[in-house]
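In each ligand, atom 1 is the first atom listed, and ligand 1 is the first ligand listed.
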Amino acid sequence: MYELVYCSKASPDLTHEDILSILETAKKFNSENNITGCLLYYNQEFAQILEGERDVVMSLYEKIKKDKRHTFVVLLGTGNKPNRHFADWSMAYKDLDNEVEAPLKSDFMKT
Ligand SMILES: Cc1cc2nc3c(=O)[nH]c(=O)nc-3n(C[C@H](O)[C@H](O)[C@H](O)COP(=O)(O)O)c2cc1C
């Protein structure tokens with residue numbers, strides 16, 4: 001199982017609808033391509049973990065990097081691991097700006 005982690009800065013004009021649209025795309029593509037992971041949003045920044053087959057993860061990351069809805073995409077790490085951490089989520093989403101005190105895992109949006 002291959003894992004990739006990056007962070008990025010949301011574009012200044014990013015809207016709530018943009019985030020919903022990203023999640024909609026992710027839900028469809030990721031479930032069809034055996035990708036799982038989580039997307040965090042905090043203080044106008046994203047952090048995302050993608051897990052799946054190496055080639056699929058890398059080509060998705062290449063598309064994500066070019067997405068105008070964020071900038072300053074920085075790769076934080078890649079590697080292999082024995083199992084998925086987010087096996088049940090095509091892309092778990094958490095907005096930490098609005099629910100800082102909520103327990104993290106139980107409050108994930110399941111997409
Ligand atoms: C922060 C962020 C995270 C994204 N995560 C995913 C994802 O997990 N899966 C996905 O298919 N698209 C994701 N996207 C959307 C892709 O950047 C892109 O719009 C999508 O792959 C469709 O690309 P295409 O129109 O070139 O096929 C994300 C975009 C952003 C800005």
Side-chain angles (χ1 to χ4, degrees):
M1 179 59 43
Y2 191 73
E3 176 181 72
L4 182 150
V5 186
Y6 74 85
C7 65
S8 64
K9 190 124 190 68
S11 40
D13 53 356
L14 187 92
T15 63
H16 183 63
E17 283 65 38
D18 288 328
I19 292 182
L20 292 180
S21 165
I22 289 169
L23 293 173
E24 195 57 42
T25 309
K27 180 180 177 178
K28 185 167 191 308
F29 179 87
N30 297 6
S31 56
E32 285 170 3
N33 290 276
N34 223 3
I35 298 269
T36 51
C38 103
L39 176 65
L40 301 177
Y41 180 70
Y42 177 63
N43 203 16
Q44 294 180 325
E45 292 187 10
F46 289 112
Q48 189 172 30
I49 300 173
L50 298 167
E51 15 178 68
E53 208 242 307
R54 187 179 185 281
D55 291 351
V56 184
V57 168
M58 288 312 295
S59 72
L60 174 59
Y61 179 61
E62 288 306 313
K63 281 203 290 189
I64 291 176
K65 269 200 303 191
K66 293 181 195 140
D67 198 308
K68 295 278 186 295
R69 292 170 287 193
H70 64 172
T71 52
F72 300 110
V73 181
V74 175
L75 185 62
L76 298 177
T78 56
N80 292 300
K81 57 183 182 180
N83 300 306
R84 290 177 193 269
H85 283 124
F86 297 95
D88 292 341
W89 289 285
S90 58
M91 190 47 60
Y93 175 69
K94 179 75 183 156
D95 179 344
L96 295 168
D97 269 350
N98 291 321
E99 301 204 35
V100 234
E101 288 167 21
L104 199 61
K105 189 162 180 183
S106 62
D107 201 44
F108 267 128
M109 184 171 146
K110 204 167 179 177
T111 63

Item to check | Close approach, Tyr61 and ligand 1, non-hydrogen under 4.0 angstrom | outcome: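 Outside the 4.0 Å threshold, so no.
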Could you tell me which atoms of ligand 1, counted from 1 in the order shown, lie closer than 4.0 angstrom to a heavy atom of [X]?
X	result
Arg69	15 (C), 19 (O)
Met91	8 (O)
His70	1 (C), 31 (C)

Do side-chain atoms of [X] reach the backbone of [Y] as a donor and acceptor pair under 3.5 angstrom?
X	Y	result
Thr25	Ser21	yes
Glu51	Phe86	yes
Asp67	Ile64	no
Asp97	Asn43	yes

Indicate the atoms forming the closest heavy-atom contact of [X] with [Y], along with that distance.
X	Y	result
Lys68	Ser11	O-OG, 3.3 Å
Ser8	Thr71	CB-O, 3.5 Å
Asp18	Arg69	O-NH1, 4.0 Å

Would you say [X] has any N or O atom under 3.5 Å from an N or O of ligand 1, going by distance alone?
X	answer
Gln48	yes
Asp67	yes
Ser8	no

Item to check | With Phe46, the ring-ring contact (aromatic ring centres under 6.0 Å, His included) member among Tyr6, Tyr93, Tyr41, Phe72 | outcome: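 Answer after filtering Tyr6, Tyr93, Tyr41, Phe72: Tyr41.
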For [atom], find the nearest protein heavy atom and state the residue, atom name and distance (0.1 Å precision).
atom	answer
atom 11 (O) of ligand 1	Phe29 CB, 3.2 Å
atom 28 (C) of ligand 1	Ile22 CG2, 3.6 Å
atom 26 (O) of ligand 1	Lys63 CD, 3.6 Å
atom 20 (C) of ligand 1	Thr25 CG2, 3.8 Å
atom 9 (N) of ligand 1	Asn30 OD1, 2.9 Å
atom 2 (C) of ligand 1	Tyr6 OH, 3.6 Å
atom 6 (C) of ligand 1	Ile64 CD1, 3.6 Å
atom 7 (C) of ligand 1	Ala26 CB, 3.5 Å

Item to check | ligand 1 versus Leu60: contacting region, heavy-atom distance under 4.0 Å | outcome: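 The answer is the side chain.
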Next on the checklist: Once you restrict to heavy atoms under 4.0 Å, what part of Tyr41 touches ligand 1? Side chain, backbone, both or neither.
Outcome noted: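 Answer for Tyr41: neither.
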Next on the checklist: I need the single residue from Arg54, Lys81, Arg84 that forms a salt bridge (charged side-chain N to carboxylate O under 4.0 Å, His left out) with Glu3. Which is it?
Outcome noted: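 With Glu3 as partner, salt bridge (charged side-chain N to carboxylate O under 4.0 Å, His left out) holds for just one option, Lys81.
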Item to check | Side-chain ion pair, Glu24 and Lys27, N-O less than 4.0 Å | outcome: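 So Glu24 does not pair with Lys27 through a salt bridge.
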Item to check | Separation of Ile35 CD1 from Ile49 CD1 (nearest 0.5 Å) | outcome: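 Rounded to the nearest 0.5 Å, the CD1-CD1 separation comes to 13.0 Å.
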